[in-house]
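Okay, structure first, notes after.
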2 protein chains.
Amino acid sequence: MNVHIGVNGLAVNPETPRGRAPSIRDVARLAEVSHQTVSRVLNDHPSIRPETKERVLLAMETLQYRPNRAARALVTSRSHTIGVLAARSSEYGPATSIAAIEDAAREHGYYVNTANLADVTPEGITDALEHLMLQAIEGLVVIAPQVRVFDVLAAAPIGVPFVSLQSTGRSDHLALSVDQVTGARRATQHLVSLGHREIVHLAGPQDWIEAEARMRGFLDAIDDADLSLHPPILGDWSADFGYFAGRELSRARDFTAVFAANDQMAIGLMHAFRDAGLDVPGDISVVGFDDIPVAQHVWPPLTTVHQDFREVGRRAVALLLNQVHGREVLEVEEIVPRLVVRGSSAEASGRRPRYASVTDSA
Amino acid sequence: MNVHIGVNGLAVNPETPRGRAPSIRDVARLAEVSHQTVSRVLNDHPSIRPETKERVLLAMETLQYRPNRAARALVTSRSHTIGVLAARSSEYGPATSIAAIEDAAREHGYYVNTANLADVTPEGITDALEHLMLQAIEGLVVIAPQVRVFDVLAAAPIGVPFVSLQSTGRSDHLALSVDQVTGARRATQHLVSLGHREIVHLAGPQDWIEAEARMRGFLDAIDDADLSLHPPILGDWSADFGYFAGRELSRARDFTAVFAANDQMAIGLMHAFRDAGLDVPGDISVVGFDDIPVAQHVWPPLTTVHQDFREVGRRAVALLLNQVHGREVLEVEEIVPRLVVRGSSAEASGRRPRYASVTDSA
DNA sequence: CACCCCGATGTGCACGTTCACATCAGCGGC
DNA sequence: GCCGCTGATGTGAACGTGCACATCGGGGTG
C-alpha cells in the first residue's frame with residue numbers, strides 16, 4: 001500500500017535541478033571543473049591533480065551522484081553484463097553454480113542476467129537467447145546441457161564469446177570441463193571392485209550432455225571389467241522417477257548394484273527398494289552422482305561422486321571474462337570429481353560396509 | 001581458442017556502415033521513412049499505415065536490426081530491470097523462487113539482476129544494494145529474509161518499490177506473505193494430535209524472518225495445547241547442523257517429537273537418531289518444513305509442510321510490476337502452506353503410522 | 001468554401017557519458 | 001630566449017533512442 005518513497009530516491013537535493021538525478025555536469029559545476037574532468041576522475045585517469053580529484057569526489061558525495069549506466073553503455077557500447085542460459089535451475093547443482101557465477105561476476109564488476117529454458121524446443125532456446133541478446137550481453141555462460149541447445153547456439157550466430165559448463169567435445173566454444181566420464185567410471189569401478197558383476201545404470205535424459213558423459217564412463221568401466229551390459233534406464237533426474245524406476249527394477253532383480261546418474265534418482269531408488277523389501281546395501285548397492293548436501297544424511301548414507309559446483313561457476317566467469325577482454329585464454333585444466341564412499345554401497349556378498357558417518361566430509 | 005566470431009556478430013551487412021550495429025536511422029534510410037517512423041513501429045504507435053509498417057519491418061529484418069537497450073534506457077530512464085536481493089540462493093526453496101521470478105519477469109519483458117548476499121553484515125547488504133542500484137533497477141524483490149536486511153533497507157532510501165517474500169510485519173513495503181505461522185502451527189498441532197506432549201523445535205537461525213514465524217507458530221500451538229516448553233535449538237538450516245543437533249538431543253531423550261524448521265535439518269536429525277539407535281517414528285516423530293523434492297523419498301518419508309515456491313515467485317513479480325507501473329495494488333491474499341503427512345510422524349504410543357507412499361503427491 | 005480536426009509522417013533536440021582533439025602553463029635543452 | 005614536450009584541463013561531438021512539436025493532406029462541418 002504505502003510504497004511510494006519519493007519519486008526519485010534521495011531526490012531533494014538543492015544543488016540538483018528539478019527532479020532529475022545529478023549528472024557529471026552537475027558535479028562539474030559544483031566542483032568548478034569541466035564535465036570531462038569529472039569523467040576522468042570516474043575512470044581513474046592518471047593525470048589529474050590530487051587536489052582537483054579531491055574536490056570532484058567531494059562534490060559527488062554531496063550530490064549523491066551515481067553514474068548513469070545506460071549513458072555509459074550507450075557510448076562505450078559495453079553493457080558490463082553477461083548472460084546465463086540455464087535449465088532446471090532450481091536444482092542444487094545448477095543453482096549453486098549460478099549463484100557462484102553471480103558472485104564472481106559481481107566481483108569483477110559485471111552484471112548477470114539469467115534466462116531459464118522453459119522448454120528445450122528450438123523456439124524456446126531462440127527465445128531465451130533473444131532475450132539475452134536484447135540485453136546486449138558481452139558473454140554467455142551456458143548451463144543448459146542439452147546437445148540440442150548447442151545445435152541452436154551453433155546455428156544462431158550469437159556474436160559473443162561463450163563458455164559452457166559441459167564439455168560437448170566440440171571446438172566451437174570453450175567448455176569448462178568437469179571430467180564426468182572419469183567420475184562415472186570411478187563410481188562404477190568402485191562397484192566392480194566390491195565384487196558386483198550385474199550393474200544397472202539409471203541414466204539421465206537422452207540428449208543431456210552430462211547424462212551422456214556419465215553413461216560413457218559407466219560403459220567404459222563395464223567394458224574394462226568385461227561385464228555383461230544391462231540396458232540403461234533413461235530417467236529425468238528426479239527423485240520421483242528414481243522411485244518408479246526402482247519399483248520396476250525390483251521386479252526383475254537380475255542385478256546387485258545400481259549406478260544412478262544423480263543423487264536425487266539414487267534416493268528415489270533406495271526408497272523403492274526399501275518398499276520392495278530389499279536392503280541397501282545388503283541386497284543391492286546404490287551409487288549416486290553430485291553429492292548434494294543431504295546425500296550423506298539419507299539412509300543409508302549415499303555413496304556418490306562429489307562435484308564442486310561453486311568452483312565450476314567461479315572458473316566459468318574467469319574464463320569468460322578472459323575471452324571478453326581478449327586476454328589470452330589459459331589452458332583449461334579439467335576438474336576431476338572425487339568418489340565419496342558411504343553406506344549405500346557394499347560388497348556383493350552382502351556383508352555390511354564400513355559405516356561412513358557425517359564426519360567424512362571434514 | 002577459436003572463439004572470435006566476427007567483431008559484431010552478424011556483422012557484414014552491406015547496408016550497414018562500417019562495423020557499427022544498425023540503428024533506427026539505418027532502418028529508416030532503407031525503408032525510406034524518417035527515424036521517428038521507425039521508432040513508432042517499434043513502440044506500436046497506433047497511427048502508422050500498415051503498408052509503411054510493413055516496409056519498416058522488412059527493413060529491420062534485412063538489416064538484422066536490434067534495438068539498443070542502453071539508448072532506450074537513457075532517454076526513457078527506464079531500465080526494464082528488476083533486482084533480486086537473495087541469500088543462500090543455492091537452496092531449493094530460494095532457488096526455485098528465483099527461477100520463477102526470472103521466468104515471470106521475462107514474460108513481462110523485464111530483466112532480472114540478482115545479487116547474492118555474501119554476508120549479512122550491513123556492509124555486505126549495502127554493497128549488494130549498491131550493485132543493484134547501479135543497474136538502475138525499477139523494483140526490488142527481497143528474498144534475503146533476515147530482519148537485519150530490512151533494517152538496512154529501511155535506512156538506505158532505495159527509491160524503488162520493493163516486495164519481500166517474507167512478511168516482516170512492517171508496513172514500509174509490500175510482503176508476499178506465505179503464512180508460515182499457520183503452517184508451523186499446523187505441523188505442531190499434528191504432533192500434538194498424535195499424542196505427543198514433549199515436543200522440541202529445531203529452529204532456523206535467529207534473525208531470520210521465516211525462522212521466527214515458524215517458531216511463533218510452534219509456540220502458539222504449544223501454548224494452545226498447554227504443553228510444557230522445551231527450549232528451542234537454533235540451527236543454521238543445514239542438514240549437517242540437524243545431524244549434530246540430533247546427536248545432542250539423543251543424549252537427553254526427554255521428548256518424543258521434533259518439529260524442524262526445514263526439511264534439511266529434519267533429514268539430518270533423522271540420520272542422527274538412527275545412529276543413536278532410535279527409531280523414527282517408533283521412538284521419535286519428526287516433522288519438517290518446505291517439502292523439498294526428496295522429502296518423500298528419504299526413510300522414513302518425511303512429514304512436512306508444503307510450500308509452492310514457484311507460485312510465490314510468480315506472485316512477487318506480479319505484485320512488484322503492479323507497483324512499478326503505478327497500478328492499483330490489489331489485496332494480497334496469504335498463501336497458506338499445507339501439511340503433508342508421511343511416515344516420519346506417528347502416535348506417541350509408538351505404533352506404526354499408516355504408510356505414506358510416493359503417490360501421496362498425485 | 002473556409003475552417004478545423006485528425007491521421008500520418010518528419011524535424012530537431014535531449015538524455016549522460018566518453019572520445020578525440022584543443023588549449024595552456026611550465027620546464028628542460030640548445 | 002625559443003622550441004618542443006608533457007601534464008592538467010577544457011571543448012565539442014557523438015552514441016541511438018524517444019519526445020515535443022511541426023507539417024501536410026484529406027474529410028467533415030458550418
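Heavy atoms only: backbone and side chains are in, while hydrogens, waters and symmetry mates are out. Here is the naming used below: chain letters follow the sequence lines, and residue numbers restart at 1 for every chain.
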Practice task
Can you sort out the partners of H131(A) under ring-ring contact (aromatic ring centres under 6.0 Å, His included), two or more places apart, ordered by chain and number?
Solution key: Y111(B)

Handout entry: For atom NE2 of H45(B) and atom C1' of dG18(D), their distance in whole Å
Key = 12 Å

Practice task
Return yes if the base of dT18(C) and the side-chain atoms of R78(A) contain a donor-acceptor N/O pair under 3.5 Å, otherwise no.
Solution key: no

Completion exercise
L42(B) CG to dG16(D) C1', in whole Å, measures 11 Å

Handout entry: Closest-nucleotide 5' rank along DNA chain C - winner of R25(B) and T37(B)
Key = T37(B)

Exercise for the section: Return the set of residues passing ring-ring contact (aromatic ring centres under 6.0 Å, His included) with Y65(A) (not counting sequence neighbours), or none when no residue passes. Expected result: none

Problem - Salt bridge flag under 4.0 Å for residues D26(B) and R29(B) - result: yes

Quick one: which protein N/O atoms are closer than 3.5 Å to N/O atoms of nucleotides 4-6 of chain C? Pair and distance per line, please.
none

Completion exercise
Taken to the nearest whole Å, NE2/H35(B) to P/dC21(D) is 16 Å

Practice task
Please evaluate the base of dG10(C) for a donor-acceptor partner in the side chain of R40(B) within a cut-off of under 3.5 Å?
Solution key: yes

Fill in the blank from the handout: When T121(B), T126(B), V120(B) are each screened for side-chain contact (heavy atoms from CB on, under 4.5 Å) with V152(B), the one that passes is T126(B)

Exercise for the section: Using a cut-off of strictly less than 4.0 Å, decide whether N43(B) has a side-chain nitrogen or oxygen near OP1 or OP2 of dG18(D). Expected result: yes

Handout entry: Interatomic distance, I24(B) CD1 vs dC13(C) P [rounded to whole Å]
Key = 16 Å

Exercise for the section: Check every atom of dT17(D), dT11(C), dT11(D) against the side chain of Q36(B) and return the nucleotide holding the closest atom. Expected result: dT11(C)

Exercise for the section: Give one of base, sugar-phosphate or nothing for T52(B), where a contact means two heavy atoms less than 4.0 Å apart. Expected result: sugar-phosphate

Completion exercise
Applying ring-ring contact (aromatic ring centres under 6.0 Å, His included) to H80(B) and not counting sequence neighbours gives Y110(B)

Practice task
Please determine, for the side chain of L74(B), which listed nucleotide (dC15(C), dG18(D), dT17(D)) has the closest atom?
Solution key: dC15(C)

Practice task
State whether R72(A) places a side-chain N or O below 4.0 Å from either non-bridging phosphate oxygen (OP1 or OP2) of dT18(C).
Solution key: yes

Exercise for the section: Answer yes or no: does a side-chain N or O of S47(B) lie under 4.0 Å from OP1 or OP2 of dG7(C)? Expected result: no

Exercise for the section: Would you please confirm or rule out a distance under 4.0 Å between OP1 or OP2 of dG7(D) and any side-chain N or O of R49(A)? Expected result: no

Problem - Side-chain N,O (S23(A)) to OP1/OP2 (dG16(C)) below 4.0 Å - result: no

Problem - Between P of dA14(C) and CG of N68(A), the distance in whole Å - result: 17 Å

Problem - Electrostatic pair D103(B):R314(B) at N-O distance under 4.0 angstrom - result: no

Exercise for the section: Return the value, rounded to whole Å, for the distance between atom CG of L63(A) and atom P of dG16(C). Expected result: 13 Å

Completion exercise
Residue pairs meeting side-chain hydrogen bond (donor to acceptor under 3.5 Å, both in side chains), one or both in residues 48-60 of chain B, sequence neighbours left out, come to none

Practice task
Tell me which nucleotide among dC13(C), dT18(C), dT9(C) gets nearest to the side chain of I48(B).
Solution key: dT9(C)

Handout entry: side chain to side chain contact (heavy atoms under 4.5 Å, CB included) against L74(A), all qualifying residues, sequence neighbours excluded
Key = N68(B), A70(B), A71(B), L74(B)

Practice task
Please report, rounded to the nearest Å, how far the C1' atom of dC15(D) is from the CZ atom of R69(B).
Solution key: 16 Å

Exercise for the section: Quickly work out the L134(A) CG to dT17(D) P distance and round it to whole Å. Expected result: 12 Å

